[in-house]
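One structure is given below, encoded as structure tokens.
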There are 2 protein chains.
Amino acid sequence: MRIMEQEKQKTTDGGNVEGVDQTEVACESCKLFGFLRFFEGIGVESSPQFLSRQRVVAKGERLFVSDQPFHGIYAVKEGSFKSHLNVDQQGEQIYGFYIPGELLGLDAIRVGVYGYQATALENSRVCLLPFEQLDALGPNLASFQEQVIRILVDQLRHDQRQTLLVGRKSAEERLGAFLLNLAERYARHGFGGDGFRLPMLQNDIANYLGLSMETVSRTLRAFREQELVNIQGRRVRLLNPTCLRSITQYCADAQPGG
Amino acid sequence: MRIMEQEKQKTTDGGNVEGVDQTEVACESCKLFGFLRFFEGIGVESSPQFLSRQRVVAKGERLFVSDQPFHGIYAVKEGSFKSHLNVDQQGEQIYGFYIPGELLGLDAIRVGVYGYQATALENSRVCLLPFEQLDALGPNLASFQEQVIRILVDQLRHDQRQTLLVGRKSAEERLGAFLLNLAERYARHGFGGDGFRLPMLQNDIANYLGLSMETVSRTLRAFREQELVNIQGRRVRLLNPTCLRSITQYCADAQPGG
DNA sequence: ATCAAATTTTGACAATTGTCAATTTTGGCG
DNA sequence: CGCCAAAATTGACAATTGTCAAAATTTGAT
């Protein structure tokens with residue numbers, strides 16, 4: 001039945017997505033925006049035309065799969081995604097979550113294939129910056145690549161922190177850092193209000209953080225009992241970020257996807 | 001006293017390093033070799049002259065430190081290094097180990113500063129590919145950056161595997177994967193003989209893998225008792241890589257540093 | 001060769017987290 | 001509005017790993 005749901009959604013290309021309570025990100029707050037200048041005048045145009053290259057992805061549908069040929073950089077416009085890989089039939093490993101304004105697939109740019117798959121966590125919309133031949137960028141290529149390198153390095157540093165987090169920190173610290181990071185990323189893209197919506201299952205959070213689902217549930221309860229956070233269903237509000245920060249020893253961090 | 005040792009070594013620049021039982025890597029087996037073509041004819045020359053740009057680094061001495069301005073890519077010629085960062089006065093986190101033929105510092109290339117520090121694990125020698133302005137590369141810049149992107153992406157995938165390893169695997173699996181990875185890297189750079197020398201302390205291995213020193217010691221003993229490996233002091237030989245691989249579910253992996 | 005310091009090994013025990021199973025809650029759909 | 005499936009919660013227990021302390025071994029310097 002999930003398949004049918006997908007088919008239904010696929011045909012409504014360009015329309016509004018049902019069931020997404022998150023507002024879409026403004027183009028100016030999107031990481032993709034900074035890339036557009038490289039493409040001006042060579043076929044991939046600036047924002048108005050660019051916006052028409054959107055794609056609707058239904059909850060559970062995959063945006064791309066591992067080893068699929070690279071066909072461009074995706075930016076999440078609305079909704080959210082997880083990147084993950086199914087390793088030797090022992091279950092999946094989730095590498096990251098992507099919220100509106102963040103980029104997906106950039107690290108396939110020179111290898112030519114995606115190294116993992118991306119699945120929509122809810123009904124979502126993405127913008128695609130398509131390019132088959134980077135050479136079309138001409139004199140812009142070097143500065144474009146420079147930008148790519150910068151983002152990859154950011155990602156690298158994020159991954160190193162993640163390794164530290166997942167390898168050496170307690171469940172409390174991991175979950176605290178996770179919540180703070182997410183809050184910061186939402187704020188960065190213009191969803192600065194009070195609290196945010198968790199788009200992923202606790203199961204996914206557990207997988208991402210290297211914990212069991214039960215530990216995630218129990219740790220969140222502990223946070224609730226200490227009045228550090230307010231969690232009702234999918235809605236989260238950080239009641240005492242300062243305290244959470246000190247428990248977690250969290251310091252600001254690059255977001256995955258640049 | 002460590003300081004004095006360093007000073008002594010610093011003055012013997014270019015000479016042979018004492019106490020290194022590892023042979024130096026041949027230039028043709030070094031990751032840096034592939035970069036040289038980009039620099040031909042613009043001041044940084046091909047291998048013979050390039051080799052004169054070497055630096056001796058004594059055991060315990062730092063090759064560079066965090067936030068220091070980027071001044072080039074290092075390749076390990078002889079000896080070994082660890083990359084690490086001291087996070088909020090709670091001890092260091094080791095991000096990687098580097099053996100002859102591998103590169104250090106590449107990810108500082110566009111940010112402009114190193115994001116961690118690198119310390120010699122033994123008396124070592126490095127080659128420096130120095131460059132202040134990439135622009136001097138002229139028309140070669142784009143293809144040089146392409147190479148850099150490829151290496152960064154490899155590194156990214158390695159880091160993702162590392163996160164998986166450290167976050168979700170048992171001590172046995174982590175240590176098995178560590179040994180297999182190291183053996184493979186030594187083989188790749190021409191040290192294919194029987195076994196290799198562990199250049200780092202068990203303490204460092206523990207730190208890198210997110211384990212305690214004691215667990216590393218005990219797990220190695222278990223491997224020894226199962227006759228999977230032969231460990232005498234620093235010398236390691238894998239007696240049954242096949243079995244180790246199946247215990248570990250290890251599959252080949254990019255090396256850190258490209 | 002010898003000695004001191006650093007590293008590794010070992011044991012006992014505690015703490016954190018995972019596993020399994022059952023129950024409750026939530027969310028989507030008719 | 002209520003039903004059903006998915007998700008989350010809870011409890012009991014087990015297993016892995018960490019911590020602390022002491023002993024043994026290795027390493028490096030004299």
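Within every chain, numbering begins at 1; the chains are lettered A, B, ... in the order of the sequence lines, protein sequences first and strands thereafter.
- Distance A:E214 CD to C:dT24 C1': 15 Å, rounded to the nearest Å.
- Of the two residues contacting DNA chain C, namely B:L201 and A:G210, the nearest-nucleotide position lying further toward the 5' end is that of B:L201.
- In this model, the phosphate group of C:dT8 is approached by a side-chain N or O of B:R234 to a distance below 4.0 Å at OP1 or OP2.
- A distance of 6.0 Å or more separates the ring centres of A:Y98 and A:F81.
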Evaluation steps, side chain to side chain donor-acceptor pair (under 3.5 Å), between A:S83 and A:Q117: CA-CA 6 Å; A:S83 63; A:Q117 52 189 191; over 6 Å; no
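- Here C:dT8 presents its C1' atom at 16 Å from CE of B:M200, a figure rounded to the nearest Å.
- OP1 or OP2 of D:dT17 has not a single side-chain nitrogen or oxygen of B:T215 nearer than 4.0 Å.
- In this structure, B:R235 places its CZ atom 16 Å from P of C:dT8, rounding to the nearest Å.
- One finds a side-chain N or O of A:Q202 lying less than 4.0 angstrom from the OP1 or OP2 phosphate oxygen of D:dT9.
- Residue A:R218 is the one, among A:R218 and A:G233, whose nearest nucleotide of DNA chain C lies closer to the 5' end (criterion: closest heavy atom).
- Across all strands shown, A:R168 has no heavy atoms under 4.0 Å from either base or sugar-phosphate atoms.
- Atom pair A:K169:NZ and C:dA15:P shows a separation of 21 Å (rounding to whole Å applied).
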Could you please spell out the steps behind the salt bridge (charged side-chain N to carboxylate O under 4.0 Å, His left out) verdict for A:R188 and A:E184? CA-CA 6 Å; A:R188 200 184 305 186; A:E184 184 186 293; 2.8 Å; yes
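- Atom CG of B:L211 and atom C1' of C:dT16 are 15 Å apart (whole Å).
- One finds no salt bridge joining B:E214 and B:R218 here, because no Lys/Arg side-chain nitrogen approaches an Asp/Glu carboxylate oxygen to under 4.0 Å.
- D:dA7 atom C1' lies 15 Å from atom CD1 of A:I231, rounded to whole Å.
- If you check every strand for non-hydrogen atoms under 4.0 Å, A:R221 touches sugar and phosphate atoms only.
- Contact check, A:K59 against C:dG28: no side-chain N or O comes under 4.0 Å of OP1 or OP2.
- Within 4.0 Å (heavy atoms only), B:R174 reaches no atom of the nucleic acid at all.
- Between A:S212 and the phosphate of C:dT17, there is no side-chain N or O to OP1/OP2 separation shorter than 4.0 Å.
- The CG-P distance, from B:L121 to C:dT7, rounds to 12 Å in whole Å.
- Using cut-offs of 30° and 60° for the angle between ring planes, the B:Y114 and B:F64 rings count as parallel.
- Regarding B:Q232, its CD atom lies at a distance of 15 Å from the C1' atom of C:dT8, rounded to whole Å.
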